Engineer: 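What follows is a single structure, and I will ask about it in a moment.
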Amino acid sequence: SGEEAYRLGKVNAIVTKETITDYVDDLAIQMVETTSEISIRETKKLLVHLHDKSWEEAIELATITNAKMRETGDFKKGLNSFIEKVKLIW
């Protein structure tokens, strides 16, 4: 059940049909405000490419993507924000 999945930490929230649109809208706004654009874009690309990969291939591709992301200005900006304990709005 949804309650069981929530209790086990497998889902973040339980919402009704009536509230799901508002919940998803709020979640999307939160993600956009707290995640860099390049991070969202590259994560979406990665997910698209993982669907037909073996576990080993998926880990390798994720590792390559992670290394590539660590070279971006957004990563450096985010890391600095974390170190300085400053909330960053993207």
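None of the values given here were measured: they were computed from a predicted structure.
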Engineer: Are the side chain of Thr19 and the backbone N or O of Thr16 linked by a donor-acceptor pair below 3.5 Å?
Structural biologist: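 Judged by distance alone, yes, a pair lies under 3.5 Å.
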Engineer: Look only at the side chain of Glu4 and the backbone of Ser1, and say whether a donor-acceptor pair between them is shorter than 3.5 Å.
Structural biologist: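 The answer is no, because no donor-acceptor pair under 3.5 Å joins these two groups.
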Engineer: Nearest 0.5 Å please: distance from the CE atom of Met69 over to the CZ atom of Phe75.
Structural biologist: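 Rounded to the nearest 0.5 Å, the CE-CZ separation comes out at 9.0 Å.
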Engineer: Looking at Tyr23, I'd like to know if its OH atom is crowded, meaning that more than 12 non-hydrogen atoms belonging to other residues, nucleotides or ligands lie closer than 6.0 Å.
Structural biologist: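 Buried by this count: over 12 neighbours within 6.0 Å.
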Engineer: So, taking the atom named CD1 in Ile40 and the one named CD1 in Ile38, what distance separates them when rounded to the nearest 0.5 Å?
Structural biologist: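 Going from the CD1 atom of Ile40 to the CD1 atom of Ile38 covers 11.5 Å.
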Engineer: So which atom in Arg70 and which in Asn66 form the shortest heavy-atom distance, rounded to 0.1 Å?
Structural biologist: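 For Arg70 and Asn66, the tightest heavy-atom pair comes out as NE-OD1, 2.7 Å.
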Engineer: Less than 4.0 angstrom from a charged side-chain N to a carboxylate O is my criterion; do Glu42 and Lys68 meet it?
Structural biologist: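 Here Glu42 pairs with Lys68 in a salt bridge, since their nearest N and O are under 4.0 Å apart.
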Engineer: What distance separates Asp74 CG from Thr35 OG1, expressed to the nearest 0.5 Å?
Structural biologist: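 If I round to the nearest 0.5 Å, the distance is 10.5 Å.
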Engineer: Can we say Glu37 and Arg41 salt-bridge, meaning some charged N sits less than 4.0 Å from an Asp/Glu carboxylate O?
Structural biologist: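 Yes, Glu37 and Arg41 are salt-bridged.
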Engineer: As an exercise, state the distance from CD1 of Ile14 to CD of Glu3, rounded to the nearest 0.5 Å.
Structural biologist: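 Nearest 0.5 Å value for the CD1-CD distance: 4.5 Å.
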Engineer: Which distance, rounded to the nearest 0.5 Å, do you find between the CG of Asp52 and the CD of Glu57?
Structural biologist: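 Here the interatomic distance stands at 8.0 Å.
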Engineer: Check whether any side-chain heavy atom of Ile89 lies under 4.5 Å from a side-chain heavy atom of Lys87, and answer yes or no.
Structural biologist: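 Sidechains of Lys87 and Ile89: in contact.
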Engineer: Using only atom types and a distance under 3.5 Å, with no angle test, would you say the side chain of His49 pairs donor to acceptor with the backbone of Lys45?
Structural biologist: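 A pair under 3.5 Å: yes.
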Engineer: Starting at CG of Leu27, measure out to CE of Met31 and round the result to the nearest 0.5 Å.
Structural biologist: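 Here the rounded value is 6.5 Å.
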Engineer: I'd like to know if Leu61 and Ile59 are part of one continuous hydrophobic network [Ile/Leu/Val/Met/Phe/Trp/Tyr, side-chain heavy atoms within less than 4.5 Å].
Structural biologist: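 Each belongs to a different hydrophobic cluster.
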Engineer: Looking only at side-chain N and O atoms, does Thr63 offer a donor or acceptor that is under 3.5 Å from a partner on Glu60?
Structural biologist: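 No, no side-chain donor-acceptor contact under 3.5 Å.
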Engineer: Considering residues, nucleotides and ligands other than Asn12, do more than 12 of their heavy atoms fall under 6.0 Å from its CG?
Structural biologist: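 Open: at most 12 neighbouring heavy atoms sit under 6.0 Å from CG of Asn12.
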